Each structure stands twice: as structure tokens, then as C-alpha cells.
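Report on the following structure.
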There are 2 protein chains.
Amino acid sequence: MSAEDSPAKKPGPRERARAQTIADIIGLGRRHLAEHGASALSLRAIARDLGVVSSAVYRYVESRDELLTLLLIDAYNELGDAVDRDVDALAEGDFRGRFLALARAVRHWAVQEPGSYALLFGSPVPGYRAPGDRTTEPGTRVIMRLVGILDAAHRAGALTAVAGGAVVPQALAGNLAAVRDELGLDLPEEVLARGVLVWTSLFGAVSFEVFGQYGPDTFPAREELFQHQMETLAGLVGL
Amino acid sequence: MSAEDSPAKKPGPRERARAQTIADIIGLGRRHLAEHGASALSLRAIARDLGVVSSAVYRYVESRDELLTLLLIDAYNELGDAVDRDVDALAEGDFRGRFLALARAVRHWAVQEPGSYALLFGSPVPGYRAPGDRTTEPGTRVIMRLVGILDAAHRAGALTAVAGGAVVPQALAGNLAAVRDELGLDLPEEVLARGVLVWTSLFGAVSFEVFGQYGPDTFPAREELFQHQMETLAGLVGL
DNA sequence: CAAAGTCAAGAGCAGTGCTCTCAAAAGTTG
DNA sequence: CAACTTTTGAGAGCACTGCTCTTGACTTTG
């Protein structure tokens, strides 16, 4: 975090070259991620592609885990940017449209970058634990955006009351209230609970597709399937 | 593949010992899976635990991928058995109860065997592709059971009509009709579509929990959260 | 211009999947 | 029971992995 403690001293030709090399490594890392999967990420292979001996890479990246962290942050931010872009393209008051755009953006990015998606939302990499202080902020951008849409819709009175809501048990209501207070939201527990369900369901649907859980040709109309699922989920929270 | 062409000749002391050794290897494999993750599965480590040199293991398991396949089938069947057990414990006509039991069984097994769960529903293992002819049958047991419950409920007229159903687009309706015919179901497209959503959402919720997507202490009441989510999903399909 | 800092290379350690050869053990058969 | 056949385990070896350490060269800076 406090690596460059001098906020804006002078870039210098050296740090520029160094930053460029690190960026190249991340780029190659993403390619390897997409082609061979997260846990097959090899610093040696990256060094080869970089035209350099393996040990040289350690000058720029502390370890394989460090590279994984860099890729994690990079991927989270790319996903977050993609979501922001598509959501912001719609009117602020178009809550349902914004939710559907968010969902489509997640799916689109995931299908296009299955390796990175697997790193973020797939099985945890065996010996690796993400450093929370650097990954939580980028890692929560999508859910923040999602609850933001819900909250805005609720504040605008645009959420239609949903029927057949099961009661939220005491313990869960407490957790939800804590989340609401921490994020400064205005949503009732029932809506927040359904929002969490929508969140997990969205990624469940995307994961099924990206990880190949559907049969090879059970759902050729995957786009339509996903769209229909998201519309159903939108209805579930009254959007 | 057609190793034992004589269906039921004589077990023989040799094949018995061999089968036992393979069973031991699978058992150790499952332990390693749980402790170090799917892609860190090492035949050499298993050989060590087995008290044998690495090359000896290849006498029993063709390759690392073959062992992965064996573990995959084993895990699918364990999950299937767990689900069957819990579902069958309830009356045939208790459709909603059976669905909730199925969901709880999936979650329970997943939490208890995160390694195996990750192998089945997490990121695909880099160089590995499951042989469909041996894994599809055990791999579809849960969804078969789920649609079975839905179909039975529908045939019994126990599915309450759900409001606000988005229309199922043409292409998707075709896919769903094909699935329905192939499985001999009686469900209308709208219900089947929602059934698929429930399916993916169930595993989305479980994956979030098992893969640690929730913050470390955002939802201490995970049991209640899951239960509430499943009840909401049950309502979604009219159960 | 020389000191300080940075860099790539190479050797080396311990681990991996997998193949091969060879001798011992075990079961099967006459 | 002895001879034969099959199965088994051990060991060496290949190519790969992450990572560390030392060495020599190169660039930037005071």
C-alpha cells in the first residue's frame, strides 16, 4: 500500500520501465489464466513469454501468490469497470434496466474472461489466501452497485411490493440490519434478503454457464435463458 | 474399458486386493482434495501416504486425470446419496418439504466436503475434461431429483400459480420443450424455466458460502440465510 | 567519473506427472 | 508340490514447476 510514499515526486525513467514490465507480466498472466487456468499459472512460462529467464521475473513480482493478487485486483476492477460502464449508460431512474444491464455485464465479462472469472468466483486456489486489505474494495464493487440500485429504487418508491415473502428469522434480520447500517441503506430486511439472493443467484447462473455445468447442448439459447432468469430475479425483488 | 468381460466369474483374491487398493487410493485422494484442493492433487503424495513408491500407484490408476475422474464419480454419488436419503425421509406428497430437504442436503454435504464440492462445481481443473459417458449419469442425479419433485407436484396440482411471470422467449421455450420431452416431464415451459433458475440459484448460494464470497463476518447466521433463500426460491416455483 | 542501485543469468533445491526396466512376490496351473 | 504366468513394487530418469542465492554486467545518480 505505502510503497511509493512520495505521492507525486518524479516518475523517473526507471520506475516507468519497471511499471511497464510489471504491466506486461500482468498481461501475460491474464493470458495464461485464460488459457491454462488459475492454478496452472506458471511464473516460468511467463518468463519464457517475456523472453527472460525465470528468476528475473522475481525482480518485479515477489512470488506467484503476489502475481495472483495483482491479477485478482486487476480482474475485479475490470469487472467493476465493465459493470459501471453498462449501468451508467442507462438513465438513473431506470432501475430495472440498470439491474438487467449489471447482470448482462457480469455475464458478458465472465464469458469473455473465463480464466479471470474462475479466479474470482471459482474454487479457491489451494495454498492462496487473498490479502483482504487490498482486494475487498475492488471485490465488492459489483454487489455495492447492485444494492445501490435497489436502494435508489426503494427510495424512489419504485419497488413494487412482492407477495409471498417468507418471514426473515431473527438472527438473519440482525445481520441484514448491520449490513444496512454499515452501508447507509434504507432497505427493509425482506428486500435486502432478497437482494442477497439475487446476488448469489446471478453468480450462480453465470458460474453454471462458465464452468460448463449445463450439458453441452442442453441450452443452446443461453443468452435467452440468462435474460429470462434475470428478469425473473428482477421481479423477485420488485424491480 | 472392457476389462472384466465376464460379468460374474469369480472375484478372486487378486482382484479383491486390487479393488481394495484402488479404494484406499480414492480415500486418500479425497483427503488430499479436502486438505489441499483439487488442482494440488498429487499422486506422489498419495503414494507417500500409502507407504509406497510413486510409480507403484500407476499400477492401479492410469493417470492423475483418471484419479480425478474416479474422485468425481465418487463425489457425485455421495452427494446424490445424501440428497436421496434426506428427500426420501419425507412423505412423497410433501413437495415443498422435499425441495427444502434437497437444498439443505446439498449445502450440508458441500460444507462438509468443500474439496469435493469444488471439484464438482468450482472452476474446471486446467488440463482436465471429465469423460461424459461415465460422469453424466451420477452428475445429473440432483437436478433429476429436483425436476422430479417439481413434476410430481405439478401432476398433483400442488403448484400454486406464480404471478408476474416474464414470457419465455421462443428459442428458450424450444430448449425447454426438448428437455421436458427427453425426461418425460409434464411441466409447462414457464415452470421448467423457473426450475432451472432455482437449480442454478441453489448452487450459487452454496458456492458463495463454500468458496468464501461472503465477507468473513457479514453473515454469521448462514444457516438462516440459506434457509430463507431456499424458501424464497420455493415460492418462486409455486412450491 | 566513481559509487550506488538495479538487473538478468545461471546453478541449485525440492517438488510434480509420468515412463521405463528389473527383480521379487503372488496366484494359477499341471 | 513344483513350474509357469501374471502382477506388483522399487528405482532411475525425463521434463516440468516455484523459489533462492550468487555472480557479473549494466544504468542511474551524486
Side-chain angles (χ1 to χ4, degrees), chain A residues 3-6 9-26 28-29 31-33 35-71 119 125-129, chain B residues 3-6 9-26 28-29 31-33 35-71 119 125-129:
Chain A
E4 301 101 19
D5 23 85
S6 359
K9 256 275 181 64
K10 32 188 165 180
R14 212 154 203 172
E15 6 259 273
R16 282 194 60 82
R18 184 179 175 80
Q20 182 55 51
T21 304
I22 293 183
D24 288 353
I25 292 176
I26 293 181
L28 286 171
R31 266 190 33 202
H32 278 93
L33 216 57
E35 287 169 16
H36 315 295
S39 57
L41 186 69
S42 154
L43 280 189
R44 282 184 125 107
I46 289 179
R48 258 196 306 277
D49 284 18
L50 207 76
V52 108
V53 90
S54 75
S55 58
V57 181
Y58 286 84
R59 281 277 128 82
Y60 301 95
V61 170
E62 208 175 46
S63 67
R64 203 191 88 116
D65 284 10
E66 168 70 11
L67 175 57
L68 235 39
T69 300
L70 292 177
L71 289 169
L119 178 61
V125 182
Y128 174 72
R129 248 196 65 72
Chain B
E4 300 101 20
D5 24 84
S6 4
K9 257 274 183 63
K10 30 188 166 180
R14 214 153 202 174
E15 5 259 275
R16 282 195 60 83
R18 182 178 176 81
Q20 182 55 50
T21 304
I22 293 183
D24 289 352
I25 291 176
I26 293 182
L28 287 171
R31 267 192 29 203
H32 278 91
L33 216 57
E35 287 168 17
H36 314 294
S39 58
L41 185 71
S42 154
L43 278 190
R44 282 184 127 109
I46 289 179
R48 261 195 305 278
D49 284 18
L50 206 76
V52 109
V53 89
S54 77
S55 59
V57 181
Y58 285 85
R59 283 274 128 84
Y60 301 94
V61 168
E62 209 175 44
S63 66
R64 204 191 88 118
D65 284 11
E66 168 69 12
L67 175 58
L68 235 39
T69 300
L70 292 177
L71 290 169
L119 179 61
V125 182
Y128 173 72
R129 248 197 65 71

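So that the names make sense, note that chain A is the first sequence line, chain B the second, and so on, each numbered from 1. Just so it is clear, the model here is predicted, and its values are computed rather than measured.
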Quick check on DNA chain D: between A:Glu62 and A:Ala45, whose nearest nucleotide comes earlier from the 5' end? A:Ala45
Between B:Arg18 and B:Arg59, which heavy-atom pair has the shortest distance, and what is it?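 Where B:Arg18 meets B:Arg59 most closely, the heavy atoms are NH2-O, 2.9 Å.
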Using every non-hydrogen atom in the two residues, find where A:Ala47 and A:Ser54 come nearest and quote the distance to one decimal.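 So the two residues come closest at CB-CA, 3.5 Å.
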Using a cut-off of 6.0 Å, state whether more than 12 heavy atoms not belonging to A:Glu62 lie near its atom CD.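 No.
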Which residues pass the side-chain hydrogen bond (donor to acceptor under 3.5 Å, both in side chains) test with A:Tyr58, not counting sequence neighbours?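 Listed in chain order: nothing, the list is empty.
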Pick out which of B:Ile46, B:Thr69, B:Ile26, B:Leu67 makes a side-chain contact (heavy atoms from CB on, under 4.5 Å) with B:Val61.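 One option only clears the test, and that one is B:Leu67.
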Quickly work out the [X] [atom1] to [N] [atom2] distance and round it to whole Å.
X: B:Tyr58; N: C:dC20; atom1: OH; atom2: P; value: 13 Å
X: B:Arg16; N: D:dT8; atom1: CZ; atom2: P; value: 15 Å
X: B:Glu15; N: C:dA26; atom1: CD; atom2: P; value: 17 Å
X: B:Tyr128; N: C:dC18; atom1: OH; atom2: C1'; value: 18 Å
X: B:His32; N: C:dG15; atom1: NE2; atom2: C1'; value: 13 Å
X: B:Ile46; N: C:dG15; atom1: CD1; atom2: P; value: 17 Å
X: A:His36; N: C:dT16; atom1: NE2; atom2: P; value: 22 Å

Might you list the N or O atoms of the protein lying below 3.5 Å from N or O atoms in nucleotides 14-16 of chain D, with each pair's distance?
none

A:Leu41/A:Leu71 under side chain to side chain contact (heavy atoms under 4.5 Å, CB included): CA gap, chis, key distance, verdict: CA-CA 11 Å; A:Leu41 186 69; A:Leu71 289 169; 3.7 Å; yes
Would you tabulate the nitrogen or oxygen pairs shorter than 3.5 Å linking the protein to nucleotides 8-10 of chain C?
unit_1: C:dA8; atom_1: OP1; unit_2: A:Tyr60; atom_2: OH; d: 3.1
unit_1: C:dA8; atom_1: OP2; unit_2: A:Tyr60; atom_2: OH; d: 3.4
unit_1: C:dA8; atom_1: N7; unit_2: A:Arg59; atom_2: NH1; d: 3.0
unit_1: C:dA8; atom_1: N6; unit_2: A:Arg59; atom_2: NH1; d: 3.0
unit_1: C:dA9; atom_1: OP2; unit_2: A:Val53; atom_2: N; d: 2.7
unit_1: C:dA9; atom_1: N7; unit_2: A:Ser55; atom_2: OG; d: 3.0
unit_1: C:dG10; atom_1: O6; unit_2: A:Ser55; atom_2: OG; d: 2.9

To the nearest 0.5 Å, tell me how far B:Leu43 CG sits from B:Glu66 CD.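 The distance works out to 10.5 Å.
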Once rounded to the nearest 0.5 Å, what's the spacing between atom CD1 of B:Ile25 and atom CD of B:Gln20? 10.5 Å
Within a strict 4.5 Å, meaning less than it, do heavy atoms of the B:Val125 and B:Arg64 side chains meet?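 Touching, per the 4.5 Å side-chain cut-off.
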Within a strict 4.5 Å, meaning less than it, do heavy atoms of the A:Asp49 and A:His32 side chains meet? yes
Taking only residues two or more places apart in sequence or in another chain, which ones pass side-chain contact (heavy atoms from CB on, under 4.5 Å) with B:Glu35?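 B:Glu35 satisfies side-chain contact (heavy atoms from CB on, under 4.5 Å) with B:Arg31 once adjacent residues are dropped.
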Does the side chain of B:Ser39 come under 3.5 Å of the side chain of B:Tyr128 through a donor N or O and an acceptor N or O? no
Would you mind classifying the nucleic acid contact of A:Leu41 as base, sugar-phosphate or nothing, using non-hydrogen atoms under 4.0 angstrom? sugar-phosphate
What contact category does B:Leu50 fall into here, base, sugar-phosphate, or nothing, at under 4.0 angstrom with non-hydrogen atoms?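 No contact.
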Do any of residues 63-71 of chain B sit with a heavy atom less than 4.0 Å from DNA chain C, and if so which?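 Residues of residues 63-71 of chain B that come under 4.0 Å of DNA chain C are, in numerical order, B:Ser63, B:Arg64.
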Helix axis bend for the helix from C:dC1-D:dG30 to C:dG30-D:dC1 - C1'-based end axes, five pairs, 10° rounding: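 Here the local axes at opposite ends form an angle of 0°.
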